[in-house]
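First up is the structure itself, then whatever we jot down about it.
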2 protein chains.
Amino acid sequence: MPATDRTDHRRDRDATAARVIAAAATILARDGATALGVNALAKEAGCDKQLIYRYFDGLDGVMAALGEAVATRLASRLAEARNSPAPDWPSFSQSLARGLLAACRADPLLGRIRAAEFASPPGRLAPFVAARGQVLQDWVVRTRPALPPPAGTDIPALHALLAGAIEAAILSAAASGALVGLPLQTDSDWARLEQNLMALIAAAYRGGG
Amino acid sequence: MPATDRTDHRRDRDATAARVIAAAATILARDGATALGVNALAKEAGCDKQLIYRYFDGLDGVMAALGEAVATRLASRLAEARNSPAPDWPSFSQSLARGLLAACRADPLLGRIRAAEFASPPGRLAPFVAARGQVLQDWVVRTRPALPPPAGTDIPALHALLAGAIEAAILSAAASGALVGLPLQTDSDWARLEQNLMALIAAAYRGGG
DNA sequence: CAGCTTTGTCACCGGATGGTGATAACAGGC
DNA sequence: GCCTGTTATCACCATCCGGTGACAAAGCTG
């Protein structure tokens with residue numbers, strides 16, 4: 001059943017276009033990427049599919065527009081966690097991990113898109129990859145400590161591993177409610193994950209690499 | 001073009017069924033889960049799609065059979081890494097991470113299936129989830145050290161985070177050749193990842209949780 | 001009023017999908 | 001030989017897909 005009934009017959013291009021983008025986000029978050037087709041999109045948006053071709057030049061155009069919208073949402077969510085340079089490197093890495101975790105948990109669409117990137121033919125979701133990468137990099141640059149990074153620690157590799165673990169947790173939780181064997185359903189489950197993540201970061205800096 | 005031409009007209013049910021399973025693995029690894037349909041599968045296997053319904057009761061049956069096959073492959077690959085109890089917990093965790101990484105790297109199908117699990121409607125790939133979980137658990141039990149686990153360390157959470165990071169690395173590498181910002185293409189890229197992973201594990205045990 | 005652009009709607013196309021019923025080729029038992 | 005059951009093939013169905021061309025209605029300009 002369409003979430004938006006086609007009761008709105010006003011001649012308003014912008015409103016229709018916005019409804020299409022919102023419908024794309026809804027389908028992506030609710031049914032996954034495989035369900036996102038032109039027909040389903042038109043039905044969900046409550047408009048004719050012809051308009052999708054007219055206004056967005058097909059699905060790819062919708063994806064590009066949605067990619068921008070999602071990127072700005074991610075940016076604002078990350079800013080909630082931290083928006084100024086961290087005092088030192090461990091707390092920087094910790095707030096990075098915490099912010100990413102919170103942002104992805106709060107916005108299921110982000111996780112869905114990430115999952116789709118893995119399973120989709122490359123190119124279709126390229127706008128998302130580019131937009132997300134840019135947002136993340138901007139955020140890292142903005143909140144990076146002023147101090148030079150500690151010697152003997154491979155910061156990019158450490159952050160990549162941490163971000164990967166977080167991504168896997170988000171995806172696994174959505175798919176099966178658990179990461180490998182670790183349950184990820186209740187808030188306390190997530191708190192346990194975050195606590196261990198923080199401890200791991202602290203150990204990585206303390207123990208040296 | 002079909003990998004297997006339909007030149008084999010021998011009346012051999014087992015051989016045909018085996019060809020179907022192999023074709024499913026091929027499609028899954030080459031084109032992803034979205035491309036795995038009854039028609040494409042029949043074409044790839046070089047047989048009539050009717051046989052898929054007769055022998056496997058549809059796609060779900062093929063998935064179940066493929067799931068078993070993949071599980072045994074994963075088990076044997078893991079056994080290559082380690083097949084007896086580890087002397088202590090850090091080296092146990094390390095050989096777990098190393099074994100998982102090597103197994104997934106050597107068998108692209110494993111990564112593909114994992115990606116499909118994230119993006120697919122649940123249920124269709126349930127056989128894979130169950131089979132893989134069982135294999136991993138068996139392996140953990142078989143290679144777990146005889147000593148009691150160190151106090152103050154949340155072993156399941158640590159292993160879940162590590163396994164998640166490895167999964168994300170495999171998936172990201174296949175999709176974009178990089179994990180977040182870390183390149184994952186050459187062997188030295190992977191060596192760098194593994195080195196940091198090992199250091200992280202060592203630090204986790206040394207630094208305490 | 002006429003003329004034109006924009007916005008929205010409908011009908012249709014070729015092709016691919018999942019699924020099924022009828023039928024042909026081959027094997028073995030009698 | 002003939003009969004029966006298994007294996008494999010073909011033809012067909014309804015349905016969905018992405019995509020396009022034609023057309024009705026609304027609004028704006030003259």
Side-chain angles (χ1 to χ4, degrees), chain A residues 1-24 27-28 30-66 116 119-121 123-125, chain B residues 1-24 27-28 30-66 116 119-121 123-125:
Chain A
M1 58 183 79
T4 308
D5 256 355
R6 55 198 321 160
T7 55
D8 192 343
H9 283 240
R10 290 195 335 240
R11 299 166 62 75
D12 187 337
R13 173 179 180 146
D14 292 342
T16 304
R19 237 176 4 185
V20 168
I21 294 183
I27 294 179
L28 217 48
R30 166 162 41 85
D31 310 317
T34 61
L36 183 60
V38 179
N39 296 300
L41 181 54
K43 182 174 291 187
E44 178 73 28
C47 72
D48 198 278
K49 64 176 170 178
Q50 173 77 18
L51 302 183
I52 295 173
Y53 290 99
R54 260 214 272 275
Y55 297 159
F56 297 96
D57 219 27
L59 250 187
D60 293 334
V62 179
M63 298 302 264
L66 180 59
S120 288
R124 165 128 300 186
L125 284 85
Chain B
M1 61 182 76
T4 308
D5 255 354
R6 56 197 319 160
T7 55
D8 192 341
H9 283 240
R10 288 193 340 238
R11 299 166 60 76
D12 187 339
R13 172 179 181 145
D14 292 342
T16 304
R19 237 175 6 184
V20 168
I21 294 182
I27 293 179
L28 216 49
R30 166 162 41 84
D31 310 318
T34 61
L36 183 61
V38 179
N39 297 299
L41 180 54
K43 182 173 291 185
E44 179 72 29
C47 73
D48 197 276
K49 64 175 170 177
Q50 173 77 16
L51 304 183
I52 296 173
Y53 289 99
R54 258 215 271 278
Y55 296 158
F56 297 96
D57 218 27
L59 251 187
D60 293 335
V62 179
M63 300 301 265
L66 181 59
S120 287
R124 165 128 302 186
L125 284 85

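Letters A, B, ... are given to chains in the order of the sequence lines, protein chains preceding strands, and every chain is numbered from 1.
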### Query
Can you list the residues that meet the side-chain contact (heavy atoms from CB on, under 4.5 Å) rule with Ala23(B), with sequence neighbours excluded?
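Applying side-chain contact (heavy atoms from CB on, under 4.5 Å) to Ala23(B) gives Leu41(B), Glu44(B), Ala45(B).
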### Message
Less than 4.0 angstrom between a side-chain N/O of Tyr55(B) and OP1 or OP2 of dA8(D), yes or no?
### Response
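Tyr55(B) to dA8(D) OP1/OP2: side-chain N or O found under 4.0 Å.
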### Task
Ignoring backbone atoms, establish whether Thr16(A) has a side-chain N or O less than 4.0 Å from OP1 or OP2 of dG8(C).
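Answer is yes, contact under 4.0 Å.
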Give the rounded distance in Å between these two atoms: [atom1] of [X] and [atom2] of [N].
{"X": "Glu44(A)", "N": "dC17(D)", "atom1": "CD", "atom2": "P", "result": "13 Å"}
{"X": "Phe56(A)", "N": "dG19(D)", "atom1": "CZ", "atom2": "C1'", "result": "17 Å"}
{"X": "Leu51(B)", "N": "dC10(D)", "atom1": "CG", "atom2": "C1'", "result": "12 Å"}
{"X": "Lys43(B)", "N": "dA16(C)", "atom1": "NZ", "atom2": "P", "result": "7 Å"}

### Message
Please report the interatomic distance OG1(Thr34(B)) to CG(Leu28(B)), rounded to the nearest 0.5 Å.
### Response
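Here the rounded value is 9.5 Å.
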### Distance in Å, Ile52(A) CD1 paired with Leu59(A) CG, rounded so as to fall on 0.5 Å steps
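Those atoms lie 7.0 Å apart.
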### Query
Partners of Asn39(A) by side-chain hydrogen bond (donor to acceptor under 3.5 Å, both in side chains), sequence neighbours excluded?
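Testing Asn39(A) for side-chain hydrogen bond (donor to acceptor under 3.5 Å, both in side chains), a comparison that skips the adjacent residues, returns Lys49(A).
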### Message
Would you say that Val20(B) contacts Leu51(B) through its side chain, given a criterion of any heavy-atom pair below 4.5 Å between the two side chains?
### Response
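No, too far: nothing below the 4.5 Å cut-off.
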### Summary
Heavy-atom contacts, protein to nucleotides 18-25 of chain C, under 4.0 Å, summarised as B (base), S (sugar-phosphate only) or - (none) per nt, yield BBBB---B
### Message
A quick test of your reading: do over 12 heavy atoms of other residues, nucleotides or ligands sit less than 6.0 Å from CG of Asp57(A)?
### Response
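Incorrect, the count does not exceed 12.
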